[in-house]
Amino acid sequence: MPNPLRPYNARFRRLLGRPEPDFMAGAVESWTEAPSDIRRVRPALHLPGQLERVRASVFANLAETVSALTRDGEMREGATTGWRFRNVDLIDGVLYGDGAELHLRNRQRRYGLALRPQQAVSGALYETWTTNRWFGSWLMEGPAAWLLASRRHMAMTTAAQPKPGSHAARYEQIMGIAPQRIAGDVHFDELILFGDMSNNADKRRRQHQMREKLLAGRDPKPVPGVFLLRGTAGDLRLLRNERELAERLAAERGFLVIDPLAATADELIEACSAARAIVGVEGSQLVHGIIAAPQNAAILPIQPPDRVAATLKGLTDRLDQRFGLLVAEGNDTVFTLNWRDLAATLDLFD
């Protein structure tokens, strides 16, 4: 029978000015999947004046972002939580249950009118809106979350099968990621979701486990560093002198310069897994290097002053790598970086 009310409930509520219900509050059960713990966190290395260049941030407010980049000492990492739900509809990339909604991806249907899903399933979803939106977010969080969901022997995703030969397809093959894929709208008789944002010991183990899978059977050659080009790929973050900086690192410091769009996943893993440093514009392409790079490798994202993020530092903390803060000059989409700033920041890691 027609079931237009679930997709429209949130719209009616917003029109009436009512508060947004918490989707997680509708769980019939919650538990601690992995406990919180205390760990030592190292601050980002940076030159004097770099923090003063930061004008705006993404994914967190400015104060939270600066704190995440600069915190130093023993810090408590939160627990990983699991939630069990019943009677949840997945319609056009949005979960609906008990008057609340949770977006997993952008809607494709303009008006949201839908029939009640005919297919009924039970499973554990391990995706989020961000992992579906950005490839780098998926590569950072998805494989570790897959391990979490696979413990339940019911891992599912709304993500389509990656194209043969793509980076995503090869990474899934190497890491053994083989979920049940959901096509279209479904009704969940039972649904499990996870809150897995904290770098507790269990998540760190899962991240290291995935790196071990990437490196299995390989014998990479040590290199001083790898510069991963971004160019104009993805959301525009154009480093005007990117090629100049990359070529100078290659000539003066022995760096490899790689365009990830022109390299296979295996080539990227081989190049980065014994590199002393990974450098490039902050973005998804840099995650190829971070997930493969060794412990204590220097990770140096070049960040625009109006779009500074601390998300990659969370990944480097999980992998026991060292992070650098390097802020360019310009705006959030077009910027330049002085060679002296790049060279001097790399020297901080020696």
Side-chain angles (χ1 to χ4, degrees), residues 42-47 50 69 134-141 143 167 171 174 207-208 210-212 214-215 218 220-231 233-234 237 239 242-304 308-328 337 339 341-350:
R42 296 181 288 187
L45 296 180
H46 59 83
L47 298 173
Q50 287 292 302
L69 291 168
W134 289 286
F135 170 77
S137 295
W138 172 79
L139 195 53
M140 286 174 57
E141 302 290 342
H167 288 147
Y171 281 126
I174 296 171
Q207 193 76 58
H208 281 276
M210 285 310 196
R211 182 177 183 271
E212 289 170 1
L214 293 177
L215 270 59
R218 303 182 192 272
K221 296 179 180 179
V223 293
V226 177
F227 192 106
L228 294 172
L229 298 168
R230 182 176 179 86
R237 288 195 289 283
L239 177 60
E242 181 182 52
R243 282 284 181 178
E244 174 192 336
L245 296 174
E247 290 170 3
R248 194 160 178 181
L249 283 175
E252 299 184 17
R253 302 203 176 205
F255 271 52
L256 300 178
V257 178
I258 301 176
D259 179 356
L261 293 180
T264 66
D266 290 279
E267 289 168 341
L268 289 162
I269 295 166
E270 291 282 353
C272 297
S273 56
R276 290 175 54 199
I278 305 293
V279 181
V281 174
E282 192 275 339
S284 292
Q285 88 290 347
L286 216 57
V287 182
H288 290 291
I290 299 173
I291 62 170
Q295 183 176 344
N296 286 320
I299 308 299
L300 192 52
I302 300 169
Q303 307 218 48
V308 172
T311 47
L312 293 182
K313 187 175 188 301
L315 177 59
T316 64
D317 286 346
R318 291 200 291 278
L319 288 167
D320 301 308
Q321 297 158 341
R322 299 173 297 166
F323 191 88
L325 175 63
L326 184 56
V327 183
L337 180 69
W339 162 257
D341 289 344
L342 174 56
T345 303
L346 280 171
D347 291 340
L348 296 176
F349 294 91
D350 291 340

Within the 4.5 Å heavy-atom criterion, are V327 and H46 side-chain neighbours or not?
no
Quick one: are I302 and R237 in side-chain contact, heavy atoms under 4.5 Å?
no
Quick check for you: to the nearest 0.5 Å, what is the distance between T345 atom OG1 and L47 atom CG?
3.5 Å
dist R322:CZ -> T316:OG1 (nearest 0.5 Å) comes out at 11.0 Å
Is there side-chain contact between V279 and L245, with at least one heavy-atom pair below 4.5 Å?
no
Note: G289 and C272 closest approach over all heavy atoms is CA-SG, 3.6 Å
Between Y171 and I269, is there a side-chain heavy-atom distance shorter than 4.5 Å?
yes
Please indicate whether R243 has more than 12 foreign heavy atoms, meaning atoms of other residues, nucleotides or ligands, lying under 6.0 Å from its CZ.
no
To the nearest 0.5 Å, what is the distance between CD1 (I258) and CD (Q285)?
12.0 Å
Compare every heavy atom of V226 with every heavy atom of F255, then report the nearest pair and how far apart it is.
CD2-N, 3.6 Å
Between R276 and G225 (side chain of the first, backbone of the second, donor and acceptor by atom type, cut-off under 3.5 Å), is there such a pair?
no
Which atom pair, heavy atoms only, marks the closest approach of L228 to P260?
CD2-CG, 4.1 Å
Correct closest heavy-atom pair for G136 and S284 would be N-OG, 2.9 Å
Backbone of L261 reached by a side-chain donor or acceptor of H167 within 3.5 Å
no
With rounding to the nearest 0.5 Å, note down the distance linking CZ in F323 to CG in L69.
6.0 Å
Nearest 0.5 Å, please: how far is CE in M210 from CD1 in I291?
10.0 Å
Say you draw a straight line from CD of Q295 to CG of L319; how long is it, rounded to the nearest 0.5 Å?
9.5 Å
Between the main-chain N or O of L325 and the side-chain N or O of Q303, is there a donor-acceptor pair closer than 3.5 Å?
no
Where I299 and P301 come nearest, the two heavy atoms and their spacing:
O-CD, 3.5 Å
Is the backbone of I290 close enough, under 3.5 Å, to the side chain of Q321 for a donor and an acceptor to pair up by distance?
yes
List the steps, then state whether salt bridge (Lys or Arg N to Asp or Glu O under 4.0 Å) holds for E242 with R230.
CA-CA 8 Å; E242 181 182 52; R230 182 176 179 86; over 6 Å; no
Counting only N and O atoms by type, is there a donor-acceptor contact under 3.5 Å from the side chain of H288 to the main-chain atoms of L139?
no
Any side-chain to backbone donor/acceptor pair from E267 onto T264? Under 3.5 Å, distance only.
yes
In short, L229 meets A246 closest at the heavy-atom pair CD2-CB, 4.1 Å
Are V257 and L249 close enough that some pair of their side-chain heavy atoms sits under 4.5 Å apart?
no
Using a 3.5 Å distance criterion without hydrogens, assess whether the side chain of R211 forms a donor-acceptor pair with backbone atoms of A293.
yes
